Amino acid sequence: MAYDNPDAFRGQTVLCVGGRASGSDIARELSGVCRHVFLSDSTAPDDAPITEFNVTWVPPTVRVREDGAVTFARTDFVAKKVD
């Protein structure tokens, strides 16, 4: 999916893949309008997930299931549903 404007994601729970400069910038912009943002990044620390406000930093994404749930590497944490 292309990203241009955070308003297109207003009120949603989203998964942003990649935490380098552009991914972090997008996650920051989205956090102002989204219900929740999961920022999936290979540099996430071993004790991830880490949540601040409505952004959760998680390890790399392993799978997005048909029901919208997301699983991540190196953790049993599952994001219940992303839009």
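Remember, predicted model here, so these are calculated numbers, not experimental data.
- Taking 4.5 Å as the limit, some side-chain heavy atom of P45 sits within range of a side-chain heavy atom of W57.
- The backbone N or O of R63 sits nowhere less than 3.5 Å from a side-chain atom of T61 that would complete a donor-acceptor pair.
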Exercise. Starting from the C-alpha separation in whole Å, work towards a yes-or-no answer on side-chain contact (heavy atoms from CB on, under 4.5 Å) for Y3 and F9.
Key: CA-CA 9 Å; Y3 173 83; F9 301 92; 3.8 Å; yes
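- Under the 4.5 Å side-chain contact rule for hydrophobic residues, V55 and V58 do not share a cluster.
- For the pair V78 and D76, the minimum side-chain heavy-atom distance is 4.5 Å or more.
- Side chain of N54 to main chain of C34: a donor-acceptor pair is present (N/O by atom type, distance under 3.5 Å, no hydrogens or angles).
- Residues R74 and S42 have side chains not in contact (no heavy-atom distance under 4.5 Å, counting atoms from C-beta outward).
- Of all non-hydrogen atoms in L39 and S24, the two that sit nearest each other are CD2-OG, 4.3 Å.
- Nearest heavy-atom pair across A27 and C16 is N-SG, 4.3 Å.
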Self-check item: Stepwise side-chain contact (heavy atoms from CB on, under 4.5 Å) check, L15 with F72
Solution: CA-CA 11 Å; L15 172 65; F72 305 96; 4.1 Å; yes
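- The minimum heavy-atom distance linking A48 with T75 is given by the pair O-OG1, 4.0 Å.
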Practice problem: Using the side-chain contact (heavy atoms from CB on, under 4.5 Å) rule, take D7 and V33 through it: C-alpha gap first, then chi angles, then the decisive distance, then the call. | Solution: CA-CA 7 Å; D7 288 328; V33 299; 3.8 Å; yes
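- Taking the side chain as every heavy atom from C-beta outward, T43 and R20 approach each other to under 4.5 Å.
- Counting heavy atoms from C-beta outward, H36 and V82 have side chains that stay 4.5 Å or more apart.
- Between the side chains of R35 and T13, a donor-acceptor pair is found at a separation under 3.5 Å.
- Residues V14 and F38 are not in side-chain contact: their nearest non-hydrogen atoms beyond the backbone lie 4.5 Å or more apart.
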